[in-house]
Amino acid sequence: MKKILLTTLLLSLILCTPTSAAKIKKAADVPVIASCDLLVVGGSLDACFLAKEMAENGKKVILTTPHNNLPREIAVALRPWVYKKDLENKSKEVAQFLKDCRQADFEGGFLLNLLSVTEKMENLLLDSGAKFYYGMRPCAVLQSTGLREQKAVGGVMFACKGGLVAIKAKTVVDATPHATVAVLAGAKFSNRETKNGKIRYSMLCKNVPDGKDRSFKMHSPHYAEFICDLPPASDPFCDAKNGLKARTEAIKQIMELGKSGKSQFSRGGDIVLASPRKKLVAQGMGTKVEAMRPREIHNLYVLSPLMNVADDAAESLLDPVAGIMLYEELAAALMKMPPPPATIQDGAALQAGFSHTSETLEKGEANYDAILPLFEALTLNCEIPPTLAECDVLVVGAGTSGLPAAMAADAQGADTILLEMHGDLGGTHTIGGVSKYWFGRKTPYFNEFDEELRKLQATGMPRTLAMLKMLQDETNVRLLTHTYVVGTVAEGDKVVGVVVVTPKGLATVRGKRIIDATGDADVAARAGAASTYGTRRDTLALWYSFAQYQGANSEARRHFAYAVDIRDPKDYTRAIIAGRRYKKSNNVTAPQYYFTPRETRRIDGKYHVDLYDCLAERRFEDLLFVCKSNFDIKGIGDSDLTFSGYVEWQRLRNYQVQVPYRAILPKSLENILVVGKSFSVSHDLQSLARMQRDMIAMGAAAGVVAARSVQDKTPLKAFDVTKLQWKLVDLGILEPADLEAIKGVKDNALPKLSPAELQERIDEIAAGKMDLGRAVQVLARPDETKPLLIKALKTAQGDGKVELARALCYLGHAGDGAPEVFLSELEKRLAGDQLPSITRLPTKRLAHPLPDHGFAPDPTYFINTLGRMKDKRVIPYLLNVAKKVEPEKDTTNRMYSYIYSVAYAAERLADPSCVEALRVLADKPGIRGGVVTVGSDPRRTARGTASRRDDRYAYLELCLGRALAHCGSERGYEILRAYANDIRGFLARSARDELKVLSEKASKK
Ligand SMILES: Cc1cc2nc3c(=O)[nH]c(=O)nc-3n(C[C@H](O)[C@H](O)[C@H](O)COP(=O)(O)OP(=O)(O)OC[C@H]3O[C@@H](n4cnc5c(N)ncnc54)[C@H](O)[C@@H]3O)c2cc1C
């Protein structure tokens, strides 16, 4: 039997869906991330107020939503209009809440500020004591034999970016638009009498002519509502079909308008509101609580239009801002409810097979093994859910790289399916709010792709719809939106399909070849591919931003918050809460609805492209595409080159890097290509190799390869890309000069440099001119260049001497006076009372606060390098620096690099004589006590731009703790243990990783 790789739950758990009865066969650890009295699934307005009310009444409440914003009908469906007459049937608190979020009036009503709505709703929940998690899609209910006998559920299993997680609950309220939890729990539904319902899709727009010329409804001058009939069939992809139909209708009408005017539509909602076709077979009927209770399950309630109400009431429940809300009634009933069955109360049955308890995870106590690695490595065997569709090439993720991948595969004649978790196409480029290109190669392929979209946009439609139109008009690609990949179907190491969660449960989509374009390597990770998250050392990814829109602009205002580990639902949610409050201006009006950081997982491919490959201009026989940009490190650098001061001081200077086919082939898997920002590339190089123009070219190249490999019946691993390179030139993905550059290259090679050319570069170094690329070409050929460097050092003076020493020390050469050059420079430069500043910047201004682009004062590079060489003579300088550091006066974060370099060197020296310097730093006000413990209000890490400093200094405290522990100080362990419980998941993860390393080291002794 074929195996599904899918994170799972319990021996006794049963997935009940109408389309499948997928049965978990093997016990495995799915982390229970929390347990509660009441679990509210779905972020509707009614659901949010219910959660608040119950929490205020002393219940332990958790609310989850698959989206990033609350409440669903306002902030996700993009319906921020309120008619005053609709406030009459609202409770006082709901009416007040809506009034408090008012942004502008229009005739008969007012518009809400979308950012305020979500922020205030979060405040309301957090102040009431309710917890919530974003990005959680329900995919199974928790049950046990005992619970089934008592007609009860014990909680819900969710898919999130890290894999599967569970939340235990005594009572569950299903507030999802399709009653997903009730469906999964096996509740029965009957058809409604009215079969011809409507779909409502809303868009932000400007300059729309009055009613005569349009067939959509305007709410205020800014929001258009497109209403169309519900498509006939209802199947697991009904959400996708409804969304597509509404968008297609919008495209039609915008094209009509486009002929006559200057109207512009800039943003649509992620979801549509669709009339319910079904109703629950319940314990009662009407707008009563019994009408929410499935006949077969006693502790589950359906708080949505799918409850057993009349059709007009169901329509009214669809949009609670305009219609009715039932939370007060439900809250009152739940408060009176008798205690739930004993099996749920003791929880023991649900914990069978778990190596840890939910309490351990919640409090973050020291059961590190139970939580590591974060969810994704947990796998199980289970029966395969029904196959919904099959194709030649299956592309997962319709974003920057996925859309061109699908279009290119289709253009090569492959039967192609494109699968997407959102309702819109474009990913980061559209719904992520990053609509501006930043460098990248302007290949002919990209130019044509972009030009076509621009033409369509000229008719007034936003990019997302232009992309959809292009896909619909020019290709046969089958598109499935609102479909989230949670697992894979595998035959051994061969990935042959994906398991998706839809509002109706689990299903399988199969492809002869799979392209993972999720930007997070979700598919590959779920299939067991090895990957790295963020830096090698820390899981510290490039800074995320939770972008915010101003008015109708498609480009969102971004910022450089901090790192996030999106695999951890707690950290994912915390980062959104913090990012939303990180406002740059008061004009922001709407939050982005696709939260994606600059960097997440990167797979370990058959080739791993790194900084050296770029700077030393490595050539590849199996060249697939080329990336071009500056090193846009919005985060910490991670390579030895960066720590030694090999950084590009001309911040905007562009470099190119060739990327081989092997870098999109995961090392351990067959039949899958990983494209987008998670291909096999090092952290530091990814700062350059992630720009949209290049991701588009990469996607297209992968699409061509996948299609050809199906046609040639050649497995991807055996596919000879060299035969395709001229085709890629024809398609405008590669340039003829690229192929010229790889002529005669076998596997990979550095360009040939003659002895004279090498000497030329060494002379430049000896003259104190440090051109980054040319210097690294010297470092990349140590056998040839080391003797030349040593010779040059003998006579060099001034800056040249320092640069030659830098090169030799970087290469680990401890002789010939090289480290002594660094030591005497430290003696000179650290002689004053103040620590020196950065001197090498071409302008005084940093683009972002440190550690921006790896820029740092020179002494820190010397300290780092000597530390890496384990040269103990650097130790006195650590104390010298530590005493002069003044964190509290640090407005530009200048001190950041000094503190980091002391920790960096001390950790590598692992010598007790470093402890004093580390202690001096760790005790300084401004460094000490940066932990924010799990369970604290997540808003504590959301002090606007101030949190940038707090978070960065918290990381420094952790680094000092790490170094102290390696130098044998108990204080270091204390710091690490404290950070292992930090609310910022990436810090907690780093601390836990380190404690694990230290305990393994200790056990070996
Ligand atoms: C804040 C920020 C600022 C940036 N600034 C710039 C800039 O100015 N210029 C520039 O050129 N580049 C910029 N970049 C980089 C660039 O935008 C990204 O590297 C690039 O867009 C990533 O493309 P991708 O295809 O990997 O991912 P995406 O474009 O994010 O596409 C991934 C798609 O997969 C879908 N998906 C994800 N998981 C699943 C799943 N499990 N199941 C189904 N579907 C799934 C997503 O919904 C999405 O549509 C920026 C990036 C960020 C985050």
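Residue numbers count from 1 along this sequence. Read the numbers this way: they start at 1 and go in the same order the structure lists the ligands and their atoms.
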Evaluate [X] for polar contact with ligand 1, using N/O atom pairs at a separation under 3.5 Å.
| X | result |
| --- | --- |
| T596 | no |
| T400 | yes |
| S545 | no |
| R690 | yes |
| H429 | no |
| G397 | no |
| Y484 | no |

Does the pair K512/D392 count as a salt bridge with the N-to-O cut at 4.0 Å?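 Yes.
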
Under a 4.0 Å threshold between the charged nitrogen and the carboxylate oxygen, would D450 count as salt-bridged to R463?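 Answer for the salt bridge query: yes.
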
For [atom], which of [options] has the closest heavy atom?
| atom | options | value |
| --- | --- | --- |
| atom 32 (C) of ligand 1 | A517, G402, A521, G699 | A517 |
| atom 4 (C) of ligand 1 | D522, I696, V434 | V434 |
| atom 52 (C) of ligand 1 | M421, R598, Q592 | R598 |
| atom 51 (C) of ligand 1 | T428, L480, L425 | T428 |

F595-Y134 aromatic ring centre distance below 6.0 Å: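 Judged by ring-centre distance (under 6.0 Å), F595 and Y134 do not meet the cut-off.
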
Check for me whether the distance between the ring centres of Y533 and F986 falls short of 6.0 Å.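 When the ring centroids of Y533 and F986 are compared, they turn out to be at least 6.0 Å apart.
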
Can you label the angle between the Y655 ring and the F631 ring as parallel, tilted or perpendicular, going by 30° and 60°?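 Ring orientation of Y655 relative to F631: tilted.
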
Select one of side chain, backbone, both or neither to describe which atoms of M691 lie under 4.0 Å from any atom of ligand 1, heavy atoms only.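 The answer is both.
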
Applying a heavy-atom cut-off of 4.0 Å, say which part of F439 lies close to ligand 1: side chain, backbone, both or neither.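 Near ligand 1, F439 shows nothing, with every heavy atom at 4.0 Å or more.
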
Any R693 heavy atom less than 4.0 Å to ligand 1: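 Per 4.0 Å heavy-atom rule, R693 does not contact ligand 1.
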
Is it the case that atom NZ in K667 sees more than 12 heavy atoms from other parts of the structure closer than 6.0 Å?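 Open: at most 12 neighbouring heavy atoms sit under 6.0 Å from NZ of K667.
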
Could you name each residue pair satisfying salt bridge (charged side-chain N to carboxylate O under 4.0 Å, His left out) that touches residues 678-705, not counting sequence neighbours?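 Sorted result for residues 678-705: D632-R690.
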
Would you please name every residue forming a side-chain contact (heavy atoms from CB on, under 4.5 Å) with T535, sequence neighbours left out?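 With neighbours one apart ignored, the set is D538, L540, I636, D638, H683.
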
Within the 4.5 Å heavy-atom criterion, are P404 and F449 side-chain neighbours or not?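 When only atoms from C-beta onward are counted, F449 and P404 do touch, with a gap below 4.5 Å.
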
